[in-house]
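Worksheet: one structure, shown below.
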Amino acid sequence: MATAVFNVHFFPSEDATVSSMLAFASFALAFVVRPLGGVVFSHIGDRIGRKKTLVITLTLMGVATMLMGVLPDYAAIGVAAPILLTFLRLVQGLALDGEWGGGLLLAVEYAPKNKRGFYGAVPQIGALTGLVLGNIVTIVSRAIFPEDAFTEFGWRIPFLLSGVLLVVGLWIRSKIDETPSFRKVKAEGTTEKLPIATVFKHYWREVLISTGAKFIETSTFFIFATFSISYATGFGYDFTAVLGFVLAGSIIGIGGILFYGGLSDRIGRKKVFLGGSVAVAIFVFPYLAMLSSGNLALAGIAIIISFAIIWPTYGSLIGTVLAENFAPEIRYTGASLGYQIGAALVGGPAPLIATALLTAFSGSWIPVALVVVFCAVVSFISVSFVKVRHNEDLDA
(Lines give C-alpha, C1' and ligand atoms only; values in the text may rest on other atoms or scores of the structure.)
Protein backbone atom coordinates (compact mmCIF):
# COMPACT_ATOMS: atom_id res chain seq x y z
CA MET A 1 0.00 0.00 0.00
CA ALA A 2 2.99 2.30 0.50
CA THR A 3 3.61 1.83 -3.22
CA ALA A 4 0.02 1.91 -4.50
CA VAL A 5 -1.95 4.19 -2.16
CA PHE A 6 -0.07 5.93 0.65
CA ASN A 7 2.34 7.73 -1.68
CA VAL A 8 -0.56 9.45 -3.51
CA HIS A 9 -3.27 9.84 -0.86
CA PHE A 10 -1.20 10.49 2.27
CA PHE A 11 2.03 12.00 0.88
CA PRO A 12 0.91 13.91 -2.23
CA SER A 13 3.57 15.71 -4.25
CA GLU A 14 4.02 16.95 -7.79
CA ASP A 15 7.02 14.62 -8.02
CA ALA A 16 5.99 10.95 -7.90
CA THR A 17 9.46 9.93 -6.68
CA VAL A 18 9.21 12.32 -3.73
CA SER A 19 5.80 10.87 -2.82
CA SER A 20 7.18 7.33 -2.94
CA MET A 21 10.19 8.26 -0.82
CA LEU A 22 7.96 9.93 1.79
CA ALA A 23 5.75 6.84 1.91
CA PHE A 24 8.80 4.60 2.28
CA ALA A 25 10.12 6.93 5.00
CA SER A 26 6.92 6.43 7.02
CA PHE A 27 7.33 2.69 6.44
CA ALA A 28 10.94 2.89 7.69
CA LEU A 29 10.15 4.92 10.82
CA ALA A 30 8.41 1.95 12.40
CA PHE A 31 11.73 0.14 12.38
CA VAL A 32 13.43 2.96 14.27
CA VAL A 33 11.30 2.27 17.35
CA ARG A 34 11.52 -1.51 17.10
CA PRO A 35 14.62 -1.71 19.35
CA LEU A 36 12.66 0.29 21.94
CA GLY A 37 9.81 -2.18 21.61
CA GLY A 38 12.37 -4.92 21.98
CA VAL A 39 13.59 -3.53 25.29
CA VAL A 40 10.08 -3.02 26.69
CA PHE A 41 8.36 -6.23 25.60
CA SER A 42 11.32 -8.56 25.89
CA HIS A 43 11.75 -7.32 29.49
CA ILE A 44 8.15 -8.36 30.09
CA GLY A 45 8.74 -11.65 28.28
CA ASP A 46 11.80 -12.53 30.37
CA ARG A 47 10.16 -11.37 33.61
CA ILE A 48 6.50 -12.52 33.46
CA GLY A 49 6.43 -14.89 30.50
CA ARG A 50 6.18 -15.36 26.76
CA LYS A 51 2.41 -15.92 26.66
CA LYS A 52 1.28 -12.70 28.38
CA THR A 53 3.63 -10.64 26.25
CA LEU A 54 2.22 -12.13 23.07
CA VAL A 55 -1.32 -11.15 24.07
CA ILE A 56 -0.27 -7.52 24.63
CA THR A 57 1.70 -7.20 21.40
CA LEU A 58 -0.93 -8.85 19.22
CA THR A 59 -3.60 -6.51 20.56
CA LEU A 60 -1.46 -3.43 19.84
CA MET A 61 -0.59 -4.64 16.35
CA GLY A 62 -4.15 -5.62 15.46
CA VAL A 63 -5.77 -2.40 16.67
CA ALA A 64 -3.17 -0.18 14.96
CA THR A 65 -3.60 -2.03 11.67
CA MET A 66 -7.40 -1.84 11.79
CA LEU A 67 -7.26 1.90 12.53
CA MET A 68 -5.22 2.40 9.34
CA GLY A 69 -8.25 1.10 7.48
CA VAL A 70 -10.46 3.96 8.72
CA LEU A 71 -7.87 6.74 8.57
CA PRO A 72 -8.92 9.82 6.52
CA ASP A 73 -6.47 10.77 3.77
CA TYR A 74 -4.64 14.03 3.04
CA ALA A 75 -7.51 15.46 1.00
CA ALA A 76 -9.85 15.06 3.99
CA ILE A 77 -7.79 16.23 6.97
CA GLY A 78 -4.59 17.63 5.49
CA VAL A 79 -1.24 17.13 7.17
CA ALA A 80 -2.87 15.28 10.07
CA ALA A 81 -3.33 12.28 7.75
CA PRO A 82 0.37 11.44 7.22
CA ILE A 83 1.07 12.24 10.88
CA LEU A 84 -1.58 9.80 12.10
CA LEU A 85 -0.50 7.16 9.60
CA THR A 86 3.09 7.46 10.78
CA PHE A 87 1.97 7.27 14.42
CA LEU A 88 0.12 4.01 13.73
CA ARG A 89 3.20 2.68 11.97
CA LEU A 90 5.20 3.50 15.10
CA VAL A 91 2.72 1.55 17.24
CA GLN A 92 3.10 -1.40 14.86
CA GLY A 93 6.87 -1.15 15.16
CA LEU A 94 6.74 -1.15 18.95
CA ALA A 95 4.50 -4.20 18.98
CA LEU A 96 6.31 -6.21 16.37
CA ASP A 97 9.46 -6.92 18.33
CA GLY A 98 7.65 -8.45 21.26
CA GLU A 99 5.46 -10.35 18.81
CA TRP A 100 8.38 -11.84 16.89
CA GLY A 101 10.47 -12.73 19.93
CA GLY A 102 7.61 -14.39 21.77
CA GLY A 103 6.42 -16.38 18.78
CA LEU A 104 9.93 -17.55 18.02
CA LEU A 105 10.63 -18.70 21.57
CA LEU A 106 7.34 -20.58 21.78
CA ALA A 107 8.53 -22.67 18.85
CA VAL A 108 12.23 -23.00 19.70
CA GLU A 109 11.82 -23.66 23.43
CA TYR A 110 9.26 -26.40 22.83
CA ALA A 111 11.30 -28.05 20.04
CA PRO A 112 13.17 -31.38 20.35
CA LYS A 113 16.89 -30.68 20.05
CA ASN A 114 17.18 -32.55 16.76
CA LYS A 115 14.29 -30.59 15.19
CA ARG A 116 14.92 -27.10 16.52
CA GLY A 117 15.81 -25.71 13.10
CA PHE A 118 12.53 -26.96 11.66
CA TYR A 119 10.45 -25.75 14.61
CA GLY A 120 12.22 -22.38 14.58
CA ALA A 121 11.46 -22.03 10.87
CA VAL A 122 7.71 -22.27 11.47
CA PRO A 123 7.29 -18.72 12.92
CA GLN A 124 9.27 -17.39 9.95
CA ILE A 125 6.48 -18.67 7.73
CA GLY A 126 4.51 -15.76 9.13
CA ALA A 127 6.52 -13.29 7.06
CA LEU A 128 5.65 -14.97 3.77
CA THR A 129 2.13 -15.93 4.87
CA GLY A 130 1.53 -12.27 5.64
CA LEU A 131 2.61 -11.41 2.10
CA VAL A 132 0.32 -14.12 0.74
CA LEU A 133 -2.75 -12.95 2.68
CA GLY A 134 -2.02 -9.28 2.02
CA ASN A 135 -1.52 -9.81 -1.70
CA ILE A 136 -4.60 -12.02 -2.04
CA VAL A 137 -6.96 -9.50 -0.45
CA THR A 138 -5.29 -6.66 -2.36
CA ILE A 139 -5.62 -8.46 -5.70
CA VAL A 140 -9.23 -9.39 -4.96
CA SER A 141 -10.04 -5.84 -3.85
CA ARG A 142 -8.54 -4.39 -7.03
CA ALA A 143 -10.50 -6.91 -9.09
CA ILE A 144 -13.79 -6.03 -7.40
CA PHE A 145 -13.43 -2.26 -7.46
CA PRO A 146 -12.60 0.05 -10.36
CA GLU A 147 -9.26 1.86 -10.02
CA ASP A 148 -10.81 5.04 -8.61
CA ALA A 149 -12.94 3.12 -6.13
CA PHE A 150 -9.96 1.04 -4.99
CA THR A 151 -7.79 4.07 -4.28
CA GLU A 152 -10.69 5.77 -2.50
CA PHE A 153 -11.90 2.98 -0.20
CA GLY A 154 -11.16 -0.50 -1.60
CA TRP A 155 -7.62 -0.43 -0.24
CA ARG A 156 -9.02 -0.22 3.29
CA ILE A 157 -10.50 -3.72 3.18
CA PRO A 158 -7.21 -5.62 3.84
CA PHE A 159 -6.55 -3.47 6.91
CA LEU A 160 -10.04 -3.97 8.30
CA LEU A 161 -9.87 -7.73 7.68
CA SER A 162 -6.88 -7.88 10.01
CA GLY A 163 -9.44 -7.77 12.80
CA VAL A 164 -10.24 -11.39 11.97
CA LEU A 165 -6.59 -12.33 12.52
CA LEU A 166 -6.62 -10.43 15.81
CA VAL A 167 -9.57 -12.43 17.15
CA VAL A 168 -8.18 -15.77 15.96
CA GLY A 169 -4.73 -15.00 17.34
CA LEU A 170 -6.05 -14.03 20.78
CA TRP A 171 -8.14 -17.21 20.91
CA ILE A 172 -5.09 -19.35 20.09
CA ARG A 173 -2.95 -17.62 22.69
CA SER A 174 -5.55 -18.11 25.39
CA LYS A 175 -5.07 -21.89 24.93
CA ILE A 176 -1.27 -22.14 25.12
CA ASP A 177 0.97 -22.65 28.14
CA GLU A 178 4.33 -21.12 29.01
CA THR A 179 7.39 -22.70 27.41
CA PRO A 180 9.47 -25.35 29.24
CA SER A 181 12.49 -23.01 29.32
CA PHE A 182 10.57 -20.20 31.03
CA ARG A 183 8.87 -22.56 33.48
CA LYS A 184 12.33 -23.86 34.42
CA VAL A 185 13.65 -20.33 34.95
CA LYS A 186 10.68 -19.48 37.18
CA ALA A 187 11.00 -22.72 39.15
CA GLU A 188 14.71 -22.16 39.77
CA GLY A 189 14.18 -18.48 40.65
CA THR A 190 16.74 -17.30 38.08
CA THR A 191 14.64 -14.62 36.38
CA GLU A 192 16.62 -11.42 35.88
CA LYS A 193 15.39 -8.21 37.51
CA LEU A 194 16.74 -6.16 34.61
CA PRO A 195 17.43 -8.46 31.64
CA ILE A 196 18.68 -5.65 29.38
CA ALA A 197 21.47 -4.81 31.83
CA THR A 198 22.60 -8.44 31.92
CA VAL A 199 22.54 -8.62 28.13
CA PHE A 200 24.73 -5.56 27.68
CA LYS A 201 27.10 -6.66 30.44
CA HIS A 202 27.61 -10.31 29.52
CA TYR A 203 26.15 -10.84 26.04
CA TRP A 204 27.14 -7.75 24.05
CA ARG A 205 29.17 -9.87 21.60
CA GLU A 206 26.12 -12.04 20.91
CA VAL A 207 24.01 -8.91 20.36
CA LEU A 208 26.54 -7.64 17.79
CA ILE A 209 26.59 -11.02 16.07
CA SER A 210 22.79 -11.14 16.03
CA THR A 211 22.55 -7.62 14.61
CA GLY A 212 24.97 -8.45 11.82
CA ALA A 213 23.24 -11.75 11.08
CA LYS A 214 19.95 -9.90 10.63
CA PHE A 215 21.35 -7.58 7.92
CA ILE A 216 20.89 -9.84 4.91
CA GLU A 217 17.58 -11.36 6.01
CA THR A 218 15.84 -8.05 6.64
CA SER A 219 17.34 -5.99 3.81
CA THR A 220 16.52 -8.49 1.08
CA PHE A 221 13.05 -9.23 2.42
CA PHE A 222 12.00 -5.61 2.02
CA ILE A 223 13.93 -5.17 -1.22
CA PHE A 224 12.12 -8.21 -2.63
CA ALA A 225 8.71 -7.49 -1.06
CA THR A 226 8.36 -3.70 -1.13
CA PHE A 227 10.94 -1.99 -3.31
CA SER A 228 10.59 -4.49 -6.16
CA ILE A 229 6.88 -3.65 -6.56
CA SER A 230 7.59 0.06 -6.88
CA TYR A 231 10.62 -0.55 -9.11
CA ALA A 232 8.89 -3.03 -11.42
CA THR A 233 5.72 -0.98 -11.91
CA GLY A 234 7.99 1.92 -12.89
CA PHE A 235 8.82 -0.06 -16.03
CA GLY A 236 5.18 -0.26 -16.98
CA TYR A 237 4.41 -3.73 -15.60
CA ASP A 238 0.86 -4.22 -14.41
CA PHE A 239 0.64 -3.71 -10.65
CA THR A 240 -1.63 -6.70 -10.12
CA ALA A 241 0.67 -8.94 -12.18
CA VAL A 242 3.66 -7.95 -10.03
CA LEU A 243 1.66 -8.66 -6.87
CA GLY A 244 0.75 -12.03 -8.37
CA PHE A 245 4.43 -12.92 -8.81
CA VAL A 246 5.16 -11.92 -5.21
CA LEU A 247 2.20 -14.04 -4.15
CA ALA A 248 3.43 -17.08 -6.12
CA GLY A 249 6.97 -16.75 -4.80
CA SER A 250 5.72 -16.38 -1.24
CA ILE A 251 3.54 -19.49 -1.44
CA ILE A 252 6.41 -21.59 -2.78
CA GLY A 253 8.77 -19.95 -0.29
CA ILE A 254 6.73 -21.27 2.64
CA GLY A 255 7.80 -24.77 1.62
CA GLY A 256 11.35 -23.49 1.15
CA ILE A 257 11.44 -22.17 4.71
CA LEU A 258 10.41 -25.53 6.15
CA PHE A 259 12.87 -27.37 3.89
CA TYR A 260 15.87 -25.27 4.85
CA GLY A 261 14.88 -25.32 8.52
CA GLY A 262 14.87 -29.12 8.44
CA LEU A 263 18.09 -29.19 6.42
CA SER A 264 19.84 -27.16 9.12
CA ASP A 265 19.00 -29.89 11.65
CA ARG A 266 20.92 -32.36 9.49
CA ILE A 267 23.92 -30.38 8.23
CA GLY A 268 24.04 -27.40 10.61
CA ARG A 269 22.75 -23.84 10.66
CA LYS A 270 25.98 -22.22 9.52
CA LYS A 271 26.28 -24.12 6.26
CA VAL A 272 22.74 -23.28 5.18
CA PHE A 273 22.85 -19.63 6.32
CA LEU A 274 26.29 -18.87 4.91
CA GLY A 275 25.42 -20.59 1.64
CA GLY A 276 22.34 -18.41 1.31
CA SER A 277 24.34 -15.24 2.02
CA VAL A 278 26.72 -16.07 -0.81
CA ALA A 279 23.85 -17.01 -3.13
CA VAL A 280 21.97 -13.72 -2.67
CA ALA A 281 25.14 -11.66 -3.17
CA ILE A 282 25.49 -13.31 -6.58
CA PHE A 283 21.78 -13.43 -7.45
CA VAL A 284 21.01 -9.75 -6.77
CA PHE A 285 22.72 -8.67 -10.01
CA PRO A 286 20.66 -10.84 -12.39
CA TYR A 287 17.62 -10.17 -10.19
CA LEU A 288 17.71 -6.41 -10.74
CA ALA A 289 18.69 -6.84 -14.38
CA MET A 290 15.67 -9.06 -14.98
CA LEU A 291 13.33 -6.63 -13.20
CA SER A 292 14.55 -3.78 -15.40
CA SER A 293 14.52 -5.80 -18.64
CA GLY A 294 11.06 -4.65 -19.68
CA ASN A 295 10.04 -8.30 -20.01
CA LEU A 296 7.23 -9.19 -17.59
CA ALA A 297 8.01 -12.91 -17.70
CA LEU A 298 11.67 -12.33 -16.76
CA ALA A 299 10.65 -9.97 -13.95
CA GLY A 300 8.23 -12.58 -12.66
CA ILE A 301 10.86 -15.32 -12.68
CA ALA A 302 13.24 -13.07 -10.75
CA ILE A 303 10.63 -12.27 -8.07
CA ILE A 304 9.58 -15.90 -7.68
CA ILE A 305 13.19 -17.14 -7.36
CA SER A 306 13.92 -14.46 -4.76
CA PHE A 307 11.15 -15.63 -2.43
CA ALA A 308 10.94 -19.31 -3.30
CA ILE A 309 14.64 -20.23 -3.26
CA ILE A 310 16.96 -17.46 -2.08
CA TRP A 311 15.39 -15.68 0.90
CA PRO A 312 14.27 -18.89 2.71
CA THR A 313 17.87 -20.10 3.07
CA TYR A 314 18.57 -17.54 5.78
CA GLY A 315 15.02 -16.36 6.47
CA SER A 316 14.17 -19.77 7.88
CA LEU A 317 17.10 -19.76 10.31
CA ILE A 318 17.50 -16.23 11.60
CA GLY A 319 15.32 -16.86 14.67
CA THR A 320 16.87 -20.18 15.63
CA VAL A 321 20.41 -18.90 15.12
CA LEU A 322 19.74 -15.94 17.41
CA ALA A 323 17.86 -17.87 20.09
CA GLU A 324 20.56 -20.53 20.42
CA ASN A 325 23.13 -17.90 21.42
CA PHE A 326 21.43 -16.69 24.61
CA ALA A 327 20.70 -18.20 28.03
CA PRO A 328 17.00 -18.81 28.83
CA GLU A 329 16.71 -16.11 31.50
CA ILE A 330 17.64 -13.34 29.00
CA ARG A 331 16.88 -15.11 25.70
CA TYR A 332 13.82 -13.01 24.87
CA THR A 333 15.74 -9.78 25.43
CA GLY A 334 18.99 -10.81 23.75
CA ALA A 335 17.51 -12.34 20.62
CA SER A 336 14.93 -9.58 20.20
CA LEU A 337 17.43 -6.76 20.69
CA GLY A 338 19.88 -8.00 18.06
CA TYR A 339 17.06 -8.82 15.66
CA GLN A 340 15.41 -5.42 15.91
CA ILE A 341 18.58 -3.33 15.83
CA GLY A 342 19.47 -5.05 12.57
CA ALA A 343 15.96 -4.44 11.23
CA ALA A 344 16.12 -0.76 12.22
CA LEU A 345 19.51 -0.23 10.58
CA VAL A 346 18.88 -1.82 7.19
CA GLY A 347 15.45 -3.49 7.05
CA GLY A 348 12.86 -0.73 7.17
CA PRO A 349 15.12 1.81 5.43
CA ALA A 350 15.97 -0.61 2.59
CA PRO A 351 13.21 0.48 0.15
CA LEU A 352 13.93 4.15 0.92
CA ILE A 353 17.68 3.68 0.45
CA ALA A 354 17.16 1.76 -2.79
CA THR A 355 14.82 4.42 -4.19
CA ALA A 356 17.21 7.22 -3.19
CA LEU A 357 20.13 5.43 -4.86
CA LEU A 358 18.16 4.96 -8.07
CA THR A 359 17.42 8.68 -8.11
CA ALA A 360 20.99 9.70 -7.27
CA PHE A 361 22.53 7.43 -9.91
CA SER A 362 20.11 8.19 -12.74
CA GLY A 363 18.19 4.94 -12.52
CA SER A 364 21.21 2.62 -12.33
CA TRP A 365 20.50 -0.44 -10.18
CA ILE A 366 24.17 -1.25 -9.57
CA PRO A 367 24.38 0.76 -6.30
CA VAL A 368 21.29 -1.06 -5.01
CA ALA A 369 22.93 -4.40 -5.77
CA LEU A 370 26.11 -3.31 -3.97
CA VAL A 371 24.10 -2.46 -0.84
CA VAL A 372 22.74 -6.02 -0.84
CA VAL A 373 26.27 -7.39 -1.31
CA PHE A 374 27.45 -5.31 1.65
CA CYS A 375 24.65 -6.70 3.84
CA ALA A 376 25.49 -10.23 2.72
CA VAL A 377 29.15 -9.76 3.68
CA VAL A 378 28.23 -8.38 7.11
CA SER A 379 25.92 -11.32 7.78
CA PHE A 380 28.42 -13.86 6.47
CA ILE A 381 31.11 -12.58 8.84
CA SER A 382 28.68 -12.37 11.77
CA VAL A 383 27.26 -15.87 11.39
CA SER A 384 30.79 -17.24 11.09
CA PHE A 385 31.14 -16.42 14.81
CA VAL A 386 27.85 -18.03 15.86
CA LYS A 387 28.05 -20.94 18.30
CA VAL A 388 27.27 -24.32 16.76
CA ARG A 389 24.30 -25.57 18.78
CA HIS A 390 22.24 -27.85 16.53
CA ASN A 391 21.50 -31.24 18.12
CA GLU A 392 22.48 -29.88 21.55
CA ASP A 393 20.18 -29.18 24.50
CA LEU A 394 19.04 -25.55 24.25
CA ASP A 395 19.41 -24.74 27.94
CA ALA A 396 22.47 -26.86 28.72
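Small disclaimer: the values here were computed from a predicted structure and weren't measured.
The CD1 atom of Ile304 lies 13.5 Å from the CD1 atom of Ile310; values are rounded to the nearest 0.5 Å. Ile136 contributes atom CD1, which lies 11.5 Å from atom OG of Ser141 (distance to the nearest 0.5 angstrom). For the atom pair CG (Leu133) and CG (Leu165), the distance works out to 6.5 Å, reported to the nearest 0.5 Å. The structure places CG of Leu274 at 10.0 Å from OG of Ser382, a figure rounded to the nearest 0.5 Å. Ile196 CD1 to Ser336 OG: the interatomic distance, rounded to the nearest 0.5 Å, is 10.0 Å. Interatomic distance, Phe326 CZ to His202 NE2, rounded to the nearest 0.5 Å: 13.5 Å.
Taking 4.5 Å as the limit, every side-chain heavy atom of Asp73 sits out of range of all side-chain heavy atoms of Leu85. At least one side-chain heavy atom of Val371 sits under 4.5 Å from a side-chain heavy atom of Leu357. A heavy-atom distance below 4.5 Å is found between the side chains of Phe150 and Thr138. With a 4.5 Å cut-off on side-chain heavy atoms, Glu109 and Tyr332 do not count as touching. Within the 4.5 Å cutoff, the side chain of Phe159 has no heavy atoms near those of the Met66 side chain. Using a 4.5 Å heavy-atom threshold, the side chains of Met68 and Arg156 count as separate. Within the 4.5 Å cutoff, the side chain of Phe374 has no heavy atoms near those of the Ser219 side chain. You'll find the side chain of Leu337 reaches within 4.5 Å of the side chain of Phe200, heavy atoms only.
Alongside Leu208, the hydrophobic cluster contains Trp204 (criterion: ILVMFWY side chains under 4.5 Å).
Aromatic rings of Trp365 and Phe361 (six-membered ring for Trp) have centroids beyond the 6.0 Å cut-off, not under it.
Residues satisfying the side chain to side chain contact (heavy atoms under 4.5 Å, CB included) criterion with Leu54, sequence neighbours excluded, are Thr57, Glu99, Leu106, Arg173. Listed by chain and residue number, Ala281, Val284, Phe285, Val377 satisfy the side chain to side chain contact (heavy atoms under 4.5 Å, CB included) test with Val373 (two or more places apart in sequence, or in another chain). Partners of Thr65 according to the side chain to side chain donor-acceptor pair (under 3.5 Å) rule, which considers only residues two or more places apart in sequence or in another chain, are Gln92.
The backbone N or O of Trp171 lies less than 3.5 Å from a partner atom in the side chain of Ser174, making a donor-acceptor pair. Between the side chain of Gln124 and the backbone N or O of Gly315, at least one donor-acceptor pair lies under 3.5 Å. Distance alone, capped at 3.5 Å, places no donor-acceptor pair between the Tyr203 side chain and the Ile330 backbone. Although no hydrogens or angles enter the test, the distance criterion places a donor-acceptor pair under 3.5 Å between the side chain of Ser379 and the main chain of Ala213. Arg331 places a side-chain N or O within donor-acceptor distance of the main-chain N or O of Ala323, the cut-off being under 3.5 Å. Ser162 contributes no side-chain N or O that, together with a main-chain N or O of Pro158, makes up a donor-acceptor pair within less than 3.5 Å. In this structure, the side chain of Asp265 engages the main chain of Gly117 through a donor-acceptor pair within 3.5 Å. Panel note: side chain Lys270, backbone Val386; a donor-acceptor pair is recorded below 3.5 Å.
Counting heavy-atom neighbours within 6.0 Å of Phe385 CZ, excluding the residue itself, gives a total of 12 or less.
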Test Trp155 against Phe145 for side-chain contact (heavy atoms from CB on, under 4.5 Å), laying out the working first. CA-CA 9 Å; Trp155 67 269; Phe145 299 103; over 6 Å; no

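One finds no salt bridge joining Glu324 and Lys387 here, because no Lys/Arg side-chain nitrogen approaches an Asp/Glu carboxylate oxygen to under 4.0 Å.
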Please tabulate, for side-chain N and O atoms in residues 242-263, each donor-acceptor pair with protein atoms closer than 3.5 Å (sequence neighbours left out).
unit_1 : atom_1 : unit_2 : atom_2 : d
Ser250 : OG     : Val246 : O      : 2.7
Tyr260 : OH     : Ile309 : O      : 3.4

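A side-chain hydrogen bond (donor to acceptor under 3.5 Å, both in side chains) check over residues 295-323, counting only residues at least two apart or in different chains, returns the pairs Thr220-Tyr314.
With hydrophobic clusters built from ILVMFWY side chains whose heavy atoms lie under 4.5 angstrom apart, Met290 shares a cluster with Ile366.
Ring planes of Phe224 and Phe307: perpendicular class, angle over 60° (limits at 30 and 60°).
Between Leu104 and Pro123, the closest heavy-atom pair is CA-CG, 4.0 Å.
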